[in-house]
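Structure first, then comments.
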Amino acid sequence: MNLEKLLADRLAPAFSAVAGAPVDPILRRSQHADYQCDAALSLARRLGRRPRDIAAEVLGRVELADLCSAVAVSGPGFLNLTVADSALGTLLSTAAADTRLGVAPSAATETVVVDYSSPNVAKEMHVGHLRGTVIGDATVRLLEWRGHHVIKANHLGDWGTPFGMLIEHLLDLGESEAADELSVGDLDSFYKAARAKFDADDAFRARARRRVVALQRGDELTLRLWRLLVAESEKYFLTVYDQLGVLLTERDFRGESYYNDRLAPVTDELDRLGLLQESGDAACVFPTGFTGRDGQPLPIIVRKRDGGYGYGATDLAAIRHRTQDLGATRLLYVVGLPQRQHFELVYAVARQAGWLSPPARAEHLGFGSILGSDGRMLRSRTGDSIKLVGLLDEAVTRAAELARQKNPDLSATEVADVARAVGIGAIKYADLSTDRNKDYVFDWQRMLSLDGNTAPYLQYAHARIRSIFRRAGIERFTPAPITVGHPAEHALALELAGFGAVVASVEQTLQFHRLAGYLHTLATTFSGFYEACPVLRAEDAVRDSRLALCDLTARVLRQGLYLLGIATPDRM
RNA sequence: GCGCCCGUAGCUCAGCGGAUAGAGCAGGGGACUUCUAAUCCCAAGGCCGCAGGUUCGAAUCCUGCCGGGCGCACCA
C-alpha cells in the first residue's frame, strides 16, 4: 500500500526519457492536488529548458491513466496529480484483505542490533531511562515488522568500580536483607547508603577498593555476591518493563560484563594494528579528526593506568562482537545526546580497526532531555531524579480518573485496562511525537488531553470505530470491496494509502514523530469522513464499503500505535 | 578554546531546496431529538533568533554572529 512509490515508479521513466539520465521524481503531498511532483523545476537548469516545458513533455510521456484522474502542469512547472477514486478503491481493497495492511516486509532485510535502555545494577530507573527505553522499543517493533532480524541489547551497567562499595554494603546488610530491599525495588536507598559510606568512611572505602580487585580477579565469593546484585536488579527492571509495556525480556540483558573475556583480545588486536598508544600510563587510541580542550587529540582510553579496562574498550568489544560474531550490519545506539562525541570516537576507532566496514554501519540515535515546566531537567521538588515507577503509577492513576469521569459505564476492570493503556500510552506518545533530538517539556495536562496530537485522541479514534462495529452487531468483519466517491472518502483513502510510505521512511530515519504525525492526520481525516459520510445509515454496497474503510482505518491506527508501543483498547 | 544539539504563532510542536510557512492547545464564533460532542466546522493569530552568501527559488544549504542547553582523559 505504497501509493507514493507506485506513482514515482511511473514518473521516473518518463523523466529519465526527457532528461536522458535517471531522475528522482521528487514527489510529495500537496495543498493544490493530491500529490505534486517537483522534478521539472530542479531539472530546468541542467537541461537548459523552461521547467513548464519539461513538465509538459513528461506529461505527454507518462502513463498514469489507471492511477490518476487528472495530471496537470501548474505554476512554475509543478505536475499536480489527482489520484483516481477507482485506483484508491482497488488499492485499499487489496490492503484490507491483507493482514499486513498492504505493507510488505523490507526488500533488503538485515541483522540489526538495537542497544537501548541500559539501566545500572543496584540503581533506580529514573526519567532519564524513559526516552531511551521507549524509543528503543519503537525501533525494535518497527524493524521487526519490516522483517529485519533484530537483536535487542540491554547494555546493563553491571561492572566497574562501584561494585566494590555495593558488594561491601551488601555484606554489611546481610545477604537476605539486601536481597529483600532490592527485590521490592528500593534500589535508590541501597545505592545511596553504599555511596554515603564510601564517601564518609575511610575503612569502608578501603574495603570497597579491595573488593573491586577481588571482583576483577574472579574471586568466587565476590562473584557470587555480584551475581546476587545483578539478579535482583534484573528482576526489578523486568517489573518496570512490564509496567511500561516494552518488549525487553530477561534474555535481552547483555551487560558490560558480557564482554569481559573479549577486552584483552580487543586490546591486543588494536596493538597489533598499531593503533594503541601509551599516554599518561594509559593505553589509548587517538582516532584522527577529534580534538578537545587546548586542541589536544581526544583518546579512547582502552586500558586505564590501574590496569583496568575503560568503558571505551567495552564499547569496542561490543562492536566487534556484533559485526563479526552476530553478523549485524546495522548497529543502533539509543543513548542520550550528551554521549554523542563518545560514540563518534568509538565508531571512528572501530572503523580504523576494520570492525565496522560497509555494509556495516553504526548510528547513534541520540535524544534530548525531558524538561519540567520550568524549562529545566525534570526533577522532583527535592531536586532528586524522579523514579520511573512513580511516574508510570501517576500516569495510570490520572488516566483512571479520566476514564471514570468520561465514561461512567465502564466496569472496574475496564477502567483499569483503559487507564493502563491511556496512561502509559500518553507518556510514550508525548515522547515519540516530537523530534527525538529536541528536549521536550513534560506536561500531564497536555499529554492526557483528549484532543490534540496525543495518545488518548488516537486511542479514542480507534475505540470510536470499534464501537461502530459493536453497534452494528458485527463480531468478525470481512472487508467488502472499497468504493471511493465522496470527497471525504477520497481524503481518508488517500491518507490510508500513505501508510506504507511513512513506515518505509521511518525504517530509515527512525524519526518516530513522523509516524505519530501521520497517525494524527489519519485520525483527524477519519473524523472528517465520519462527520460527512453516514456509515451504518448508508445503504447496501455503500455501507459495506464505508464499513471496510472504517475497519481499515482502525487497523492502521492499531498497527501504527503498536509500532510505537502503544495499546489500543476496544472501548474507552 | 574546540565540538554537538536547539532557536518557527501567546504556549507545545510539524515543516523532507519549491506555490500563499502548517497542526494542536489556549483565547474568539458556531454545530448535540448523536453512527461515542472524549467530536466537528469557521475566523483570528508569523521581521521562521540576527546578518551576509549560494540558488530561477532558502524556515530548509554555506559562513559569521546572538541566545539557551550539553560534552571535551582513566565514571558509564
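Values below: every heavy atom of this structure, side chains too, minus hydrogens, waters and symmetry copies.
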What is the distance, to the nearest angstrom, from the CG atom on A:L263 to the P atom on B:C74? 19 Å
Contact class for A:A461 (heavy atom, under 4.0 Å): base, sugar-phosphate, or nothing? nothing
For RNA chain B, find the residues of residues 118-132 of chain A with a heavy-atom distance under 4.0 Å and give them by number; none if there aren't any. none
Round to a whole Å and report the spacing from CG of A:L378 to C1' of B:G69. 16 Å
Would you indicate, yes or no, if B:G15 has its OP1 or OP2 atom less than 4.0 angstrom from a side-chain nitrogen or oxygen of A:H513? yes
As a check on the pairing definition, encode RNA chain B in dot-bracket form, counting Watson-Crick and G-U wobble pairs whose two distances are under 3.5 Å, and using | for partners outside this strand. (((((((..((((....[...))))..((((.......))))......(((((..]....))))))))))))....
Can you tell me the distance, in whole Å, between the CZ atom of A:R464 and the C1' atom of B:U36? 6 Å
What's touching nucleotides 18-24 of chain B from the protein side, N or O pairs under 3.5 Å?
residue	atom	partner	partner atom	Å
B:G18	OP2	A:R28	NH2	3.1
B:G18	O6	A:L41	O	3.3
B:G18	O6	A:S42	N	3.0
B:A19	O2'	A:H32	NE2	3.3
B:A19	N7	A:Q36	OE1	3.0
B:A19	N6	A:Q36	OE1	3.2
B:A19	N6	A:N80	OD1	2.5
B:A19	N6	A:N80	ND2	3.4
B:A19	N1	A:S74	OG	2.9
B:G22	OP1	A:Q31	NE2	3.4

Selected nucleotide, minimal atom distance to A:R293 side chain, candidates B:A73, B:U12, B:U36: B:A73
Shortest side-chain distance from A:D439, nucleotide among B:U39, B:G69, B:C74: B:G69
Atom-pair distance (CD on A:Q216; C1' on B:C74), nearest Å: 13 Å
Residues two or more places apart in sequence or in another chain: which of them pass side-chain contact (heavy atoms from CB on, under 4.5 Å) with A:P487? none
All side-chain contact (heavy atoms from CB on, under 4.5 Å) counterparts of A:R471, not counting sequence neighbours: A:L536
Which residues satisfy the side-chain contact (heavy atoms from CB on, under 4.5 Å) test with A:Q296, sequence neighbours excluded? A:D294
A:L450, nearest nucleotide to its side chain (from B:C70, B:C74, B:U39): B:U39
I'd like to check the side chain to side chain donor-acceptor pair (under 3.5 Å) partners of A:K123; sequence neighbours left out, ordered by chain and number. none
Parallel, tilted or perpendicular for A:F198 and A:F204, by the 30°/60° rule? perpendicular
Taking only N/O atoms, report every protein-nucleotides 5-8 of chain B pair under 3.5 Å with atom names and distance.
residue	atom	partner	partner atom	Å
B:C5	O2'	A:N437	O	3.3
B:G7	OP1	A:K438	NZ	2.9

ring-ring contact (aromatic ring centres under 6.0 Å, His included) against A:H490, all qualifying residues, sequence neighbours excluded: none
Nearest-angstrom distance from the residue atom CD of A:E344 to P of B:G71: 17 Å
Criterion ring-ring contact (aromatic ring centres under 6.0 Å, His included) on A:H321 and A:Y258, from CA distance to verdict: CA-CA 11 Å; A:H321 176 240; A:Y258 180 82; 5.5 Å; yes
Check whether any side-chain N or O of A:R471 sits under 4.0 Å from OP1 or OP2 of B:U36, and answer yes or no. yes
Between B:U12, B:G71, B:C40, which nucleotide has the shortest distance from any of its atoms to the side chain of A:Q341? B:G71
Using a heavy-atom cut-off of 4.0 Å across all strands, would you classify A:G312 as base, sugar-phosphate, or nothing? nothing
Can you check whether any acceptor in the base of B:A73 is under 3.5 Å from a donor in the side chain of A:S279, or vice versa? yes
Whole angstrom is fine here: how far is it from CG in A:D281 over to C1' in B:C74? 11 Å
For A:H364, which residues count as a side chain to side chain donor-acceptor pair (under 3.5 Å) partner, sequence neighbours excluded? A:R340
Please classify the nucleic acid contact of A:S527 as base, sugar-phosphate, or nothing, using heavy-atom distances under 4.0 Å. sugar-phosphate
Less than 3.5 Å apart, which donor and acceptor atoms pair up between the side chains of residues 416-425 of chain A and the rest of the protein, not counting sequence neighbours?
residue	atom	partner	partner atom	Å
A:R420	NH1	A:Q243	O	3.0
A:R420	NH2	A:D242	O	3.2

Interatomic distance where CZ belongs to A:F163 and P belongs to B:C75 [whole Å]: 15 Å
Sugar-phosphate, base or nothing in reach of A:P299, heavy atoms under 4.0 Å: base
Output every pair passing ring pair (Phe, Tyr, Trp, His ring centres under 6.0 Å) with a member in residues 282-319 of chain A, not counting sequence neighbours, ordered by first then second residue. A:Y311-A:H342
Take the angle between the ring planes of A:F442 and A:W444 and call it parallel below 30°, perpendicular above 60°, tilted in between. perpendicular
Ignoring backbone atoms, test whether A:S449 places a side-chain nitrogen or oxygen under 4.0 Å from the OP1 or OP2 oxygen of B:C25. no
Dump the intermediate steps for salt bridge (Lys or Arg N to Asp or Glu O under 4.0 Å) on A:D115 and A:R322, then the final yes or no. CA-CA 11 Å; A:D115 187 315; A:R322 289 167 186 181; 3.0 Å; yes
If I pick the P atom on B:G18 and the same atom on B:C42, what distance separates them, to the nearest angstrom? 27 Å
Is the ring pair A:F163/A:W226 parallel, tilted or perpendicular, if the boundaries are 30 and 60 degrees? perpendicular
Distance, rounded to the nearest Å, where A:R303 contributes CZ and B:A73 contributes C1': 16 Å
Looking across every strand, which nucleic acid part, if any, lies under 4.0 Å from A:V535 by heavy atom: base, sugar-phosphate, or nothing? base
Taking the six-membered ring of A:Y35, is the NZ or CZ of A:R29 close enough (under 6.0 Å from the centre) and on axis enough (within 45°)? yes
In whole angstrom, give me the gap between the P atoms of B:A58 and B:C50. 15 Å
Just to be sure I understand the rule, does A:R543 reach a base, reach only the sugar-phosphate, or reach nothing, if contact means heavy atoms closer than 4.0 Å? nothing
Checking all strands, does A:C533 fall into the base, sugar-phosphate, or nothing category for heavy-atom contacts under 4.0 angstrom? base
On RNA chain B, check which nucleotide each of A:R466 and A:R436 is closest to and give me the residue with the more 5' one. A:R436
Kindly indicate, with the supporting measurements, whether the criterion salt bridge (Lys or Arg N to Asp or Glu O under 4.0 Å) is fulfilled by A:R209 and A:E168. CA-CA 10 Å; A:R209 296 224 164 97; A:E168 285 301 322; over 6 Å; no
Please figure out whether A:L156 or A:T434 has its closest RNA chain B nucleotide nearer the 5' end. A:T434
Winner on side-chain proximity to A:Y457, out of B:U36, B:U39, B:C16, is B:U39
Walk me through whether A:Y460 and A:Y457 qualify under ring-ring contact (aromatic ring centres under 6.0 Å, His included). CA-CA 5 Å; A:Y460 174 68; A:Y457 176 84; 7.7 Å; no
What contact category does A:M572 fall into here, base, sugar-phosphate, or nothing, at under 4.0 angstrom with non-hydrogen atoms? base
